[in-house]
Amino acid sequence: MARVIVDVMLKPEILDAQGQAIARALPRLGFSGVSAVRQGKRFEVELDGPADEAALSDIRKMAETLLANTVIEDYRVTVEE
Amino acid sequence: MARVIVDVMLKPEILDAQGQAIARALPRLGFSGVSAVRQGKRFEVELDGPADEAALSDIRKMAETLLANTVIEDYRVTVEE
Amino acid sequence: MSERSERADRHSNVANAADGGGRVNPDVNLDTVKRAADTPDERQPYAELGMKRDEYDRVKEILGRRPTSSELAIYSVMWSEHCSYKSSKVHLRQFGTKAPQSDALLVGMGENAGVVDIGDGWAATFKIESHNHPSYVEPHQGAATGVGGIVRDIMSMGARPIAVMDALRFGGADQADTRRVLPGVVEGISHYGNCLGLPNIGGEVVFDPCYIGNPLVNALCVGLLRKDQIKLAIAPGAGNKVVLFGALTGPDGIGGASVLASATFEDESQAKRPSVQVGDPFMEKLLIECCLELYQADVVVGIQDLGAAGVSCATTELAAKGTGGMDVRLDLVPLRDPSLRPEEILMSESQERMMAVVAPDDIDAFMAICAKWDIPATVIGEVTDSGRLVMTWHGETIVDIPPGTAADEGPVYERPFHEPAGQAALNASSPADLPRPEDLRAALLQLLGSPNLASKEWVTSQYDRYVRGNTVLAQPADAGVLRISEAMPGAEETTRGIALATDGNGRYARLDPYAGAQLALAEAYRNVAVTGAVPLAVTNCLNFGSPEDPEVMWQFSEAVRGLADACKTLGVPVTGGNVSFYNQTGSTPIHPTPVVGVLGVIEDVAKRVRSGFTGTGEKVVLLGE
Amino acid sequence: MSAARVGVVTFPGTLDDQDAARAVRHAGGEAVPLWHADPDLKGVDAVFLPGGFSYGDYLRCGAISRFAPLMEELIPAARAGLPVLGTCNGFQILCEAHLLPGALMRNAGLHYVCRDQGIRVENTATPWTSDFTEGQEIVLPVKHGEGRYVADPATLAAIEAGGQVVFRYTGGNPNGSLNDIAGIRNEAGNIVGLMPHPEHAVEDLTGAPSTDGRAFFTSILKKLVNT
Ligand SMILES: Nc1ncnc2c1ncn2[C@@H]1O[C@H](COP(=O)(O)OP(=O)(O)O)[C@@H](O)[C@H]1O
């Protein structure tokens, strides 16, 4: 019944074309003061049971093999309170 | 120099084809105990200045008009510590 | 710095472009030409960069001193197998020496892509290239950037790209890694090509276990241009400006050209794996439209795309083919990551970049067109008649070389070759020795169910075959056909069309590389001919194992000999292509896989012939033996 | 009589603009190029928003384009009755600009799909569909990765009840659209958006194996000439 969040972002050295396109559009839309935008993915994973160590280790494996492409992306797992 | 996070998720009533495809694939990959997965977007917005009320109000407007399509998506703005 | 370069400062439309002063610049470690002369015995990592001892010694001989680290970066990428064709050159010469006389050939091998005359004042340029190793490491980005790279080659000839094709080889359809590689590769080609608005008019999908650790992703692009408007990669005219335009330079695939393209996937090389290149098809689409407008405005003297060896390749090749010299301020290269060192800038494989040579009077017009398309553009240097390529970094000279020695005078190897040990036994085993199937129905069903014969619609339905509205034939036809009257302004009067097909068969080539290469050509040639088009020219992508393996080298030399002989017999010249070596897992090479593309012209495209029966009562005739 | 003038918009990353212009010319109209950065509709009588990947389709398809200077002119003009047709990316832009209800999402199959698609014409009371007959079955190419039409239940019920569903997929839904919706119109009927590509189905020699797309262009030209 717990919810675990997996955030997946491109590694810093990888070109984030999406983020750049958004950042370039902002001034045109009247938003100033933003120096950079990076776009990534957010996964909300609902567990049947608690977010105990076994479940988290499973989720880390899931992030590593399925949710993130670790050649170009980093991920972070957090438990939502 | 602050970083603000905008999380954008589909509204609960909208079919999340990507999240469902992941949830369906999990048992095949040997993961059990997950009841649902939802996939959304995460934006990391770097500000030139501090994340004060004026900046946050700007970012909320940006989320409302650009980063999220409020016809199908909800968003949440948080300041990263 | 000279006054000249200060003027260059103002010629940039890039916000935050390096201004020569604002960048973090930990120059304590800067390896200048002066320092290189003063420290002749400093150990340099030439071996780690894929260079052999004697190659390194030759660089020292050329320069009369040890190279600076920036110079080493340039020579190591330019002399890599990928850029210098050092193992294949001696064989590829046959394509020239055996070439049939052809009036249609406007630009032959050696340029970014060959150009052929297709009549009525129009010309077509086409080329096929591999992106095999990157597609194994990261299937989506590897395949996507493969399409991006070949499209830029075509753009750099002065043409509008008008279609793409893709010839793919994967491991067995039921092998686990094929599940990872195939969808990613198809998605990468689909996303990049579709985003550019280039119809995909054909290709191949072949499964064979020999490709499981080394898939083949060969992408072809064809472009159209007026016969009198061919652009070349040259930099003539001292005083002309050198402009870098397109995406910013980041740490993409650093060392890729020498490490990725010439190493195998054995474990120790994984550690050296550089970050992969990531493509931005949106930027490339803008770059296409921007280049076409630049050509239209006639403000480009010479142009070169930035491929595997990035700035190193573009500067050395442009300078070598022009007046002979070039001054470059490397610190003016606009960066995505401000911490990049000069060596890294020289080796970066960031995508969607081009380099142009522009007359000083045309610079303002050039910059205005780039600004219209939102394309960052920066003057980074100037053509000289010094005969030297000189690069500075914040005022210090870090490169001073004769550009031709890097671009054209790389090492050439006559690698030893001999017939593979098992070749005779392999050929002795004949299908006649196999048991006859007892149940023909079961045999037929097995054939129909085999992935190599099954419908390829899962792949082709992910490609846009209609965009730009000129596709006359695409899947399921054996050759793609395009009309050209509406492909570019001014072509309205012509009724002509072009036809293209790619073919190859690694299993035939394994049994007999000489005949296998010829069969690939014959099939592509037939596929073009049956549409009603006259085959005019050939491109090829030669996918082989390691050239250091004499058995592979034999396969290679036989395949090239076979293809050159067949081209002579059929009367079609090879206009360009690509060699991809080191396609192997451990010491096991893939089947030798020459993939051949043929381009033909049809005088009245409305008369093209479709495949398939179109009505009852038609007579069926079998031609040939 | 001067030809009716149909504006064809080009954003950075638009791909089907030349096809759209060609289709307008084939039907006897004048195609007027409109550039995203010029806030000027050049006095056109109708506007075609063609397909493509404007701004690379980054963020969401059509999300960035709808803020283009040209759109600042187009949005009020469309609200005031200017006939506007958006195909594919153009449809996405119209939804993002809230000129049409609902949104277009990633195909349910999660892949880009290019195929010749059966479509039923459900509504001919628009300036773009008057040359069709209601219930007519046609074939047009679809080619998109994000064409799944969605709307909340109330909106969906309202557009169904109000005759705002203009096209439905037949013979298999390519993307999982709700109610097989392929195209819709606004309440007034002057704005139409659809995922399929009429501009790729106007010639015998090229494009899809049908010329069913022609009726879009003959419809609008008749309408413009007669008013
Ligand atoms: N990778 C690909 N990209 C584009 N088109 C392809 C690809 N693979 C196959 N096709 C096209 O699909 C059709 C069927 O291919 P295939 O089954 O290999 O036909 P054949 O056996 O007649 O060569 C052909 O038109 C071919 O060009």
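Quick note on labels: first sequence line is chain A, next is B, and so on, each numbered from 1.
The CE atom of D/Met105 sits 4.5 Å away from atom CG of B/Leu10, with the distance rounded to the nearest 0.5 Å.
Residue D/Leu110 touches chain B through its side chain alone, counting heavy-atom pairs closer than 4.5 Å.
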Which pairs of donor and acceptor atoms, one on a side chain in residues 44-52 of chain D, lie under 3.5 Å apart (sequence neighbours left out)?
residue	atom	partner	partner atom	Å
D/Asp45	OD2	D/Arg5	N	2.8

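Shortest non-hydrogen contact noted between B/Leu66 and D/Ala63 is CD1-O, 3.8 Å.
Checked against side-chain contact (heavy atoms from CB on, under 4.5 Å), D/Gln18 has the following partners two or more places apart in sequence or in another chain: C/Arg468, C/Asn470, D/Arg22. Taking D/Gln117 as the reference, D/Arg115 meet the side chain to side chain donor-acceptor pair (under 3.5 Å) condition, with sequence neighbours excluded.
More than 12 non-hydrogen atoms from other residues, nucleotides or ligands lie less than 6.0 angstrom from CD of D/Glu137.
Counting heavy atoms from C-beta on, the side chains of D/Val150 and B/Leu15 never come closer than 4.5 Å.
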Could you list each donor and acceptor atom pair linking chain D to chain B at less than 3.5 Å?
residue	atom	partner	partner atom	Å
D/Leu59	O	B/Lys41	NZ	2.9
D/Arg60	NH1	B/Leu66	O	3.1
D/Arg60	NH1	B/Leu67	O	2.9
D/Arg60	NH2	B/Leu66	O	3.0
D/Arg66	NH2	B/Thr65	O	2.9
D/Glu96	OE2	B/Asn69	ND2	3.4
D/Arg148	NH1	B/Leu15	O	3.3

